[in-house]
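Accompanying notes for the structure given below.
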Amino acid sequence: MMNIAGLGQIATQGTGSRSLSEVTVVAKGTAKKSTATSSDSQDKVNISSAGRKALADDVGGQLHRNNSAQTSEAQEAAEEDTSGMSEIDKKIKELQNKLKELQQELQQLNGDDSEAAEIKRKLLQDQIAAVSGQLVALIKEKTHQDKNTATEGSALR
């Protein structure tokens with residue numbers, strides 16, 4: 001296994017984003033002496049798909065941990081706001097929050113073309129579809145309940 005110091009810095013230098021699947025390795029003493037470095041003194045390194053997956057898992061894991069901390073805070077705040085709501089309203093609010101979380105997680109995968117990211121993206125899209133379906137069903141049920149309540153209320157007058 002080869003350890004390349006400063007690999008993260010290489011990816012952030014320059015004018016735009018660069019793929020880490022191909023890295024140019026230059027001997028330490030020749031790194032920035034002149035701009036006319038010949039291609040003879042450079043080696044090309046290709047990172048395997050397993051290496052890209054490990055990198056994606058590492059970066060994705062960190063993003064997930066950061067997102068989980070923010071999610072916990074948001075859930076606590078949402079629980080405080082639901083004290084006067086009906087059960088169905090609480091469930092709708094909970095599903096709306098879950099949908100937002102899933103969409104944020106999906107958005108964090110933008111720009112990651114690794115196989116692991118593709119699998120995660122597909123999983124998130126499936127979860128978004130399921131949560132959306134549940135949300136639609138609950139909203140329909142709430143609408144039905146509201147109509148029944150309104151009908152009962154006008155019949156009592």
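Throughout, residue positions are numbered sequentially from 1 according to the sequence presented.
- For the residue pair Ser86 / Asp89, a side-chain donor-acceptor distance below 3.5 Å is found, with atom types taken as modelled.
- One finds the CD1 atom of Ile92 at 13.0 Å from the NZ atom of Lys90 (value rounded to the nearest 0.5 Å).
- Atom NZ of Lys93 and atom CG of Asn97 lie 6.0 Å apart (nearest 0.5 Å).
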Which donor-acceptor pairs under 3.5 Å do the side chains of residues 129-140 make with protein atoms, sequence neighbours left out?
{"from": "Ser132", "atom 1": "OG", "to": "Ile128", "atom 2": "O", "distance (Å)": "2.8"}

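- A pairwise comparison of heavy atoms in Leu109 and Lys120 identifies CD1-CG, 3.4 Å as the closest pair.
- Two residues are said to be in side-chain contact when any heavy atoms from C-beta on lie closer than 4.5 Å; Leu124 and Gln127 meet this criterion.
- When the shell of 6.0 Å around CD of Glu115 is examined, it contains 12 or fewer heavy atoms from other residues, nucleotides or ligands.
- Asp113 is linked by a side-chain hydrogen bond (donor to acceptor under 3.5 Å, both in side chains) to nothing, counting only residues two or more places apart in sequence or in another chain.
- Of all the heavy atoms in Ile88 and Gln145, the pair that sits closest is CG2-OE1, 3.9 Å.
- Taking CD of Gln107 as the reference point, atom CG of Leu102 lies at 13.0 Å (rounded to 0.5 Å).
- Salt bridge annotation for Glu94-Lys91: absent, with no cationic side-chain nitrogen under 4.0 angstrom from a carboxylate oxygen.
- Side chains of Lys98 and Glu101 form a contact here, defined as non-hydrogen atoms less than 4.5 Å apart.
- The line from CD of Gln104 to CD of Gln108 is 7.0 Å long, rounded to the nearest 0.5 Å.
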